[in-house]
Amino acid sequence: MPATSAIATRLHPRCHHRRMNDWERFIHEVSWFLSPGQSVAVGEARAWTGGLADELPELSALLGSAVLTPIRVDGDEYELLAWGSARDRRGWLCRPPREVDGGSVCRTHRSFWKLCGGIVERFGEPVTWWNNQDQVLTPDAVRVDVADVLADYAWLWEQDGLEVSIDPKEYYAVAVEANGNLTLAHRDDGRLLVFAPDHAFTGVTPLPGSPPYSLLTIDDVPDLATWIEVCAAAWRDQ
């Protein structure tokens, strides 16, 4: 892949006189992603050919229509996936697909990782449950210590004479919001919860035994597969 500097990619004057490619559009809209001096290599754009996940048909159809551009930033590998017309472009900056790591994540997440290693940035996005998330289905999200987070917020339950209403070891983070809210999935069956002490969500219900600003279920989105499919459908329909 030919190397190009971060500054040249971001500011090259020719970008103003021709249609931007997907990487240039991404950097234009997500200007905070690169730090000064980072080395960037941009590969040749091509059709996405990563296969299908039978249990995730909306995601599979969305990915099947994507244009993929390989990106390397200071040696870190990414895939930029993009959709839409030149005037209405949108996309994800993702980690590459990854090998399944035993039973640390649920089956649906393992299926997702065979196609995509997780989303670290988005541009031109519709309104979905992925808005404002710093990490979506990434290894970095999975490494968040859910037990430690809930222990730090145990006072939310204690002030109402309650105890934390789940076993934190049974859940892991599938998304990390910029303000620290977490979306959690059950390791076995993918049941979905949101831990959101700082939120203005609608369409959520406190988990039984939990205060209003703690553990929540998402109405009509009971599990990880539904969460992925609802969000993928919104990206397809944009």
- Message: Within the 4.5 Å heavy-atom criterion, are W23 and V40 side-chain neighbours or not?
- Response: yes

- Task: Please list, chain by chain and in numerical order, all residues satisfying salt bridge (charged side-chain N to carboxylate O under 4.0 Å, His left out) with E79, sequence neighbours excluded.
- Result: none

- Query: Taking side chain as C-beta onward, heavy atoms only, is R89 less than 4.5 Å from V67?
  - Reply: yes

- Task: Specify whether H199 and F201 have parallel, tilted or perpendicular ring planes, treating 30° as the upper limit for parallel and 60° as the lower limit for perpendicular.
- Result: parallel

- Task: Report yes or no: does D74 contribute a side-chain atom to a donor-acceptor pair with the main-chain N or O of S39 at less than 3.5 Å?
- Result: yes

- Message: Would E44 and L68 count as a side chain to side chain contact (heavy atoms under 4.5 Å, CB included) here? Give the steps.
- Response: CA-CA 8 Å; E44 183 176 352; L68 182 155; over 6 Å; no

- Item | salt bridge (charged side-chain N to carboxylate O under 4.0 Å, His left out) contacts touching residues 192-201 (sequence neighbours left out) | none

- Could you walk me through whether L192 and I218 pass the side chain to side chain contact (heavy atoms under 4.5 Å, CB included) check? CA-CA 8 Å; L192 202 72; I218 302 176; 3.9 Å; yes

- Any residue meeting salt bridge (charged side-chain N to carboxylate O under 4.0 Å, His left out) with R25, in chain and number order, not counting sequence neighbours: none

Using atom types as modelled, flag every donor-acceptor pair under 3.5 Å from a side chain in residues 115-129 to any protein atom, sequence neighbours excluded.
| unit_1 | atom_1 | unit_2 | atom_2 | d |
| --- | --- | --- | --- | --- |
| E121 | OE2 | W32 | NE1 | 3.2 |
| R122 | NE | E125 | OE1 | 2.8 |
| R122 | NH1 | Q133 | O | 3.3 |
| R122 | NH2 | W130 | O | 3.0 |
| R122 | NH2 | Q133 | O | 3.0 |
| E125 | OE1 | N131 | ND2 | 3.0 |
| T128 | OG1 | W130 | N | 2.9 |

- Task: Answer yes or no: is there a side-chain heavy-atom contact under 4.5 Å between V105 and R187?
- Result: no

- Going by atom types only, do Y172 and H186 share a side-chain donor-acceptor pair under 3.5 Å? no

- Task: Check whether any side-chain heavy atom of T69 lies under 4.5 Å from a side-chain heavy atom of I71, and answer yes or no.
- Result: yes

- Item | Smallest separation among heavy atoms of L216 and P206, with atom names | CD2-CA, 3.8 Å

- Query: Checking T138 side chain against Q135 main chain: does a donor-acceptor pair fall under 3.5 Å?
  - Reply: no

- Task: Would you please name every residue forming a side-chain hydrogen bond (donor to acceptor under 3.5 Å, both in side chains) with R90, sequence neighbours left out?
- Result: Q238

- Ignoring hydrogens and angles, state whether a donor on the side chain of T217 or T205 is under 3.5 Å from an acceptor on the partner side chain. no

- Message: Ignoring hydrogens, what is the shortest heavy-atom contact between A185 and G190? Give both atom names and the distance.
- Response: CB-O, 4.4 Å

- Query: What residues, two or more places apart in sequence or in another chain, satisfy salt bridge (charged side-chain N to carboxylate O under 4.0 Å, His left out) together with D140?
  - Reply: R143

- Going by an N to O cut-off under 4.0 Å, is there a salt bridge joining R72 and E77? yes

- pair L81-L63: side-chain heavy atoms closer than 4.5 Å: yes

- For S85, side chain to side chain contact (heavy atoms under 4.5 Å, CB included) partners two or more places apart: R87, D88

- Results of salt bridge (charged side-chain N to carboxylate O under 4.0 Å, His left out) for D189 - residues two or more places apart only: R191

- Give me the other members of the hydrophobic cluster that V164 sits in, counting Ile, Leu, Val, Met, Phe, Trp and Tyr linked by side-chain heavy atoms under 4.5 Å, directly or via other members. V144, V146, V149, L150, Y153, W155, L156, W157, L162, I166, Y171, V176, L182, L184, L193, F195, L207, L215

- Task: For residues N21 and V42, determine if any side-chain heavy atom of one lies less than 4.5 Å from a side-chain heavy atom of the other.
- Result: no

Which donor-acceptor pairs under 3.5 Å do the side chains of residues 46-57 make with protein atoms, sequence neighbours left out?
| unit_1 | atom_1 | unit_2 | atom_2 | d |
| --- | --- | --- | --- | --- |
| E55 | OE1 | T108 | OG1 | 3.0 |
| E55 | OE2 | S111 | OG | 2.7 |

- Item | Interatomic distance, L59 atom CG to C231 atom SG [nearest 0.5 angstrom] | 10.5 Å

- Message: E58: which residues meet the side-chain hydrogen bond (donor to acceptor under 3.5 Å, both in side chains) condition with it, sequence neighbours left out?
- Response: R236

- With side chains defined as the heavy atoms from C-beta onward, is the minimum distance between V194 and V204 less than 4.5 Å? no

- Message: Does D220, at its CG atom, have more than 12 non-hydrogen atoms belonging to other residues, nucleotides or ligands within less than 6.0 Å?
- Response: no

- Query: With distance as the sole test, does S31 use its side chain to make a donor-acceptor pair with the main-chain N or O of H28 at under 3.5 Å?
  - Reply: no

- In this structure, are over 12 heavy atoms from other groups packed under 6.0 Å from Q159 atom CD? yes

- Item | K114 side, atom NZ; R98 side, atom CZ - distance, nearest 0.5 Å | 13.5 Å

- Message: Applying ring pair (Phe, Tyr, Trp, His ring centres under 6.0 Å) as the test, list every pair that has at least one member in residues 62-87; sequence neighbours left out.
- Response: F33-Y78, W83-W92, W83-W235

- Does atom OH of Y213 have more than 12 heavy-atom neighbours, drawn from other residues, nucleotides or ligands, at distances under 6.0 Å? no

- Query: Are F112 and L224 close enough, and set up right, to give a side chain to side chain contact (heavy atoms under 4.5 Å, CB included), and what steps lead you there?
  - Reply: CA-CA 10 Å; F112 182 93; L224 184 62; over 6 Å; no

